[in-house]
2 protein chains.
Amino acid sequence: MQTSMTLEELKGMLIEKGIQPSFHRLKILEYLIGHRTHPTAEEVYQALSSEIPTLSRTTVYNTLKLFYQKGLVLALTIEDLEIRYDIDVSPHGHFKCLECGKVYDLPFPLSPAQRSELEGHQILEYHIYFRGICRECRSKQHPA
Amino acid sequence: MQTSMTLEELKGMLIEKGIQPSFHRLKILEYLIGHRTHPTAEEVYQALSSEIPTLSRTTVYNTLKLFYQKGLVLALTIEDLEIRYDIDVSPHGHFKCLECGKVYDLPFPLSPAQRSELEGHQILEYHIYFRGICRECRSKQHPA
DNA sequence: ATTCACTGTGCAATCATTCCAAAATCAAGA
DNA sequence: TCTTGATTTTGGAATGATTGCACAGTGAAT
Ligand SMILES: [Mn+2]
Ligand SMILES: [Mn+2]
Ligand SMILES: [Zn+2]
Ligand SMILES: [Zn+2]
């Protein structure tokens, strides 16, 4: 889990996916790599707009959508009618705490699902979502 | 897979879940039982508003949300920032065709997931979503 | 300097959903 | 049957995430 990369490495990641490495795109990519909290577009915008005062919300939305379409990030629609983005595109599941809202990573509890076909359907994406109360919130509720 | 029930049976289903069986609630439940296509609130509203001209969109939204909170239906947020409702609350997965938009049921490819706890988190809900191109759309694309 | 393609901006529009206050309906009890 | 309080329903406004769009900026090539 690398949390900081050189400019050249970031550029390489975009070019590899056929995305032109503009200033804003690099900044948004850098943020996703450094903050693996499955942020929404709004969270990315809030975090970067102080450093880049001219940054437009629309640019953030456009960029994240582009990253998703090019396969650079995952798009999670786990709850709340909002899209969360994940720079980790390896197969893993997600857990959202209904108490604090945090989204945790979970290992896939299975492997046979790596199949590209199921009942004649062509599988392009595969998501496992859990919802509940997270470890931390549970321990706060019933203290030792 | 029962597609029609008596009024008394419908009432019983609601009362069992602690929901008062009003006219609109019974109609919406009846629709869900007869149309297992994972409809959105809007689809339910469109389907019923000709038969019940005074029906309010808000009532449909309120009712479906109530059904979900009482555990009578599943709520799917598989894509498109919209909620789809499923009268089948037994554990099963879903596949959404990116071509025609239909949502198919799939058997769970696993069983150990019935667990109520995972890495210390309390699991309340569990969803598996697939996206891709469905059998029908595939056969249209490359005909025999 | 001009052109062209691409990128970014800012505001309006869209779409699903929720909020809210008023109206309608219902269920006892007097 | 009338009264009253609780519940349900209504419909329009509000919200929140996302997208559309037209214009402005940028940068490389001519
Ligand atoms: Mn993740
Ligand atoms: Mn289903
Ligand atoms: Zn939590
Ligand atoms: Zn299809």
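Letters A, B, ... mirror the listed sequences (proteins, then strands); counts begin at 1.
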Nearest to the side chain of B:Y61, which nucleotide is it out of D:dT18, C:dC6, C:dT18?
C:dT18
Relative to the 5' end of DNA chain D, which residue comes earlier, B:H24 or B:L81, by the nucleotide with the nearest heavy atom?
B:H24
Of the options D:dT18, D:dG11, C:dT9, whose atoms approach the side-chain atoms of B:S56 most closely?
D:dG11
Between A:R135 and B:E119 (side chain of the first, backbone of the second, donor and acceptor by atom type, cut-off under 3.5 Å), is there such a pair?
yes
Counting only distance, no hydrogens or angles, is the base of D:dG11 paired donor-acceptor with the side chain of B:T58 under 3.5 Å?
yes
Atom pair distance, as rounded to whole Å: CZ in B:R57 and P in D:dT8:
22 Å
Which nucleotide in the list D:dT10, D:dT18, C:dT9 gets nearest to the side chain of A:T59?
C:dT9
Separation of atom CD in B:E82 from atom P in C:dT14, rounded to whole Å
18 Å
For the side chain of B:S22, starting at C-beta, report the closest nucleotide among C:dG10, D:dT9, C:dG8.
D:dT9
Take the protein atom CD1 of A:I28 and the nucleotide atom P of C:dG8, then report the distance between them rounded to whole Å.
8 Å
Out of C:dC6, D:dC21, C:dT18, minimum distance to the side chain of B:K65 belongs to C:dT18
Option from B:K102, B:R84, B:K96 for which salt bridge (Lys or Arg N to Asp or Glu O under 4.0 Å) with B:E79 holds:
B:K96
Any A:R25 side-chain N or O less than 4.0 Å from OP1/OP2 of C:dG8
yes
Counting just side-chain N and O atoms, does A:T40 come under 4.0 Å of either OP1 or OP2 of D:dA17?
no
A:I52 CD1 to C:dG8 C1': how many Å, rounded?
12 Å
Find which nucleotide of DNA chain C each of B:Q20 and B:Y85 is nearest to by heavy atoms, and output the residue with the more 5' nucleotide.
B:Y85
So does A:L55 get a backbone contact from the side chain of A:T59, meaning a donor-acceptor N/O pair under 3.5 Å?
no
When rounded to whole Å, the OH to P distance for the pair B:Y45 and D:dT9 reads 15 Å
Would you mind reading off the distance between A:E79 atom CD and D:dG16 atom C1', rounded to a whole angstrom?
15 Å
Should A:V103 and A:F95 be counted in the same cluster of Ile, Leu, Val, Met, Phe, Trp and Tyr side chains packed under 4.5 Å apart?
no
Let me know the distance between CG of A:D80 and C1' of D:dT15, rounded to the nearest Å.
14 Å
Atom-pair distance (CD1 on B:I19; P on D:dT7), nearest Å
15 Å
Between B:K27 and B:E51, does at least one N-O distance fall below 4.0 Å, as a salt bridge requires?
yes
